[in-house]
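As the structure is a prediction and not an experimental result, all values here were calculated from the model. Lettering of chains follows the sequences in order, A, B, ..., and the numbering in each one begins at 1.
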Amino acid sequence: MSAPALDPVRAPSDEVSATPSRRAGKQTRTTPARFDTALGWNDRPGVSRALRILLCATALGIFAAPFLTIVSGALSTHPSGSSLSFLPHDSTLLNFRVAGERGIWDYFTNSLVIAGGGLLLQLVVCVLAAYALARHRFRGQAIVMTLFMLTMMLPEEVIAIPLSLVLGHVPVVGIDLKGTVWGVILPLGAWGFSVMLLTEFMKDIPSEIEEAARLDGVGELRMLWQIVLPLCKPALGVAGVLGFIMIWDQYLLPLIAAKDPTDYTVTVALSILRTDPEVGSGVVLAGAVIALLPSLVVYLLLQRSLVTGIAAGATKG
Amino acid sequence: MTATTSAPRRRGGLGTKAVLPWLFLAPGLLLALVFKFLPMGKGIWLSFFDVRPFLGDQWVGLDNYTRVLTDHRFQDAIGHTLVLGVGQSLGAIVVGFFLALLLEGQARSLKIMRTAVFLPVVTATAVVGELWRLMYYPTSDGLVNSALGFLGLGPTPFLDNPDTALWATMVMGIWMVAPYNMVIILAGLAGVDRTLYEAAAMDGVSLWQRLRHVTLPAIRPAIGIVLTLAAIRGLRVFTEVYVLTGGGPAGSTEVWMTRAYTLGFTRNDIGGASAASVVLLAVTLLLTVTVNHFRKRGDVR
């Protein structure tokens, strides 16, 4: 927006083009500029606008509308694949009741405990690490940074089999984490992405603030808690949302950390519902709705920080 | 952990001040060590053994590797991984690029559109899998099939037919990732100098030429990032396939990780599964390093 608006200021020096370009400048301010988008979309009624609305509707139909089929299927009495549509037939809550009888709320509770505990642990661990990396200089800093980067490049899938052995018998202490929520929570603790993101953000805090606080005799923990953290709220929001969605999306980790199916999270438990011959697809969809809701709520409430986070993560990448 | 104790001593004299950062780093390093690096090391170690519970492991050298890499089911799985990874990455970039071009702008309605279109990304993969299983319902009244019916095409049992199952999985993958790419490409588009568009318009350049010579070069870094992420994601694909088809029908959607999972957890061939994972890890790292290398060179130019 700002670039074309600046033009008329420069234009008067060039006598010939002064008038038309000033007019163009005015136009950019009243109607959205032609040069705002790569395709030069035009907001005035016309072919361009009609085409854009049509394409937008198609995109909505492909990417968003399928979610309506989950909800309507979950609310329908007999949704075999056949009666799937955007509006429920004979709305009923029966599917949710049956899903409840199959223990969906227990799985959901597992998920909530893991998401809550995992996110809390992850934020604490990553904030502490980022604080050390951003606000202190020490020997081996580059190596530590590389180690945290490596955790990002080390997908759970690749280490799944040995990780399941480690979870069954944690070295040194020798406890069996399988079948406990800790088996899922602890491996989620060190997340390289959050460490990187928070480190970059904390680096930008001016050192004058820190020096002033040090003169006042503020200790290390109070410095982090009362001075650095309040300034990090935007980055914490990003790390929180992305962390929650990442944890909620976990599939393999809860699968290998479980001792028996009652330990499953709600997303993994969907497969139990599906393979249960006694329940129909309506019940599976009711489970899907329940598994979908928390990430949906978090996303809608905090989507702005999510999108900035993805963009920031990408450019740092 | 050894570094934790040795580093402060090396600095000498500074005492608590030098220990302090390590106290803050300790939880993260400990968790990463126990739950990331130790399993990685253990996986590499086990890949050289015939793992036999209660009988003791037996060193077999590179046997697991040769066995896994010559197994034709595994070769098929690697082929599927490559087809799926490449197709999904390219498809998601093309679709993401078009979405970004379509939804670029400041209007409120566009922001709402972007929020809605982004939903597949925040939805847990397992939920997406269940959704698409129903959308791919094999009879003519399934959602996708009834849409195809409008176009006069007969119903296809997408997931039950070995010829179509892999493509059906690919379409779902594109659907899941394209909106994510859209956000990154949108961030790239926002950085394009608007005056270039204006200048191009004054030179009477066509829309296609403008896209090709102004927009695309400007968002090349964004595309590079998207490609890296997609390639790595494509190699490690597991949940989508596991939930949607379980590798079937007739192994037609079996990928690297579902095969390794079956080997390790169903067949109890931990050595073989570890060897497969180590190969995958090596390829992933190699790919990351290569792409980063080319990206850096591209930036300098």
Taking atom types as modelled, is there a side-chain donor on B:Tyr261 or A:Glu157 under 3.5 Å from an acceptor on the other? no
Could you verify whether a donor N or O on one side chain and an acceptor N or O on the other, from B:Thr215 and B:Tyr197, lie under 3.5 Å apart? yes
With a 4.5 angstrom heavy-atom cut-off, is it the side chain or the backbone of [X] that approaches chain A, or both, or neither?
X	value
B:Leu189	side chain
B:Leu196	neither
B:Leu119	both

Heavy-atom cut-off 4.5 Å, strictly under: side chain, backbone, both or neither for [X] against chain B?
X	answer
A:Val144	side chain
A:Phe244	neither
A:Ile62	both
A:Arg52	both
A:Leu273	neither

Taking 4.0 angstrom as the limit, do B:Glu104 and B:Arg114 come out as a salt bridge? no
Does atom CD1 of A:Ile143 have more than 12 heavy-atom neighbours from other groups under 6.0 Å away?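 At most 12 heavy atoms, drawn from other residues, nucleotides or ligands, come within 6.0 Å of this atom.
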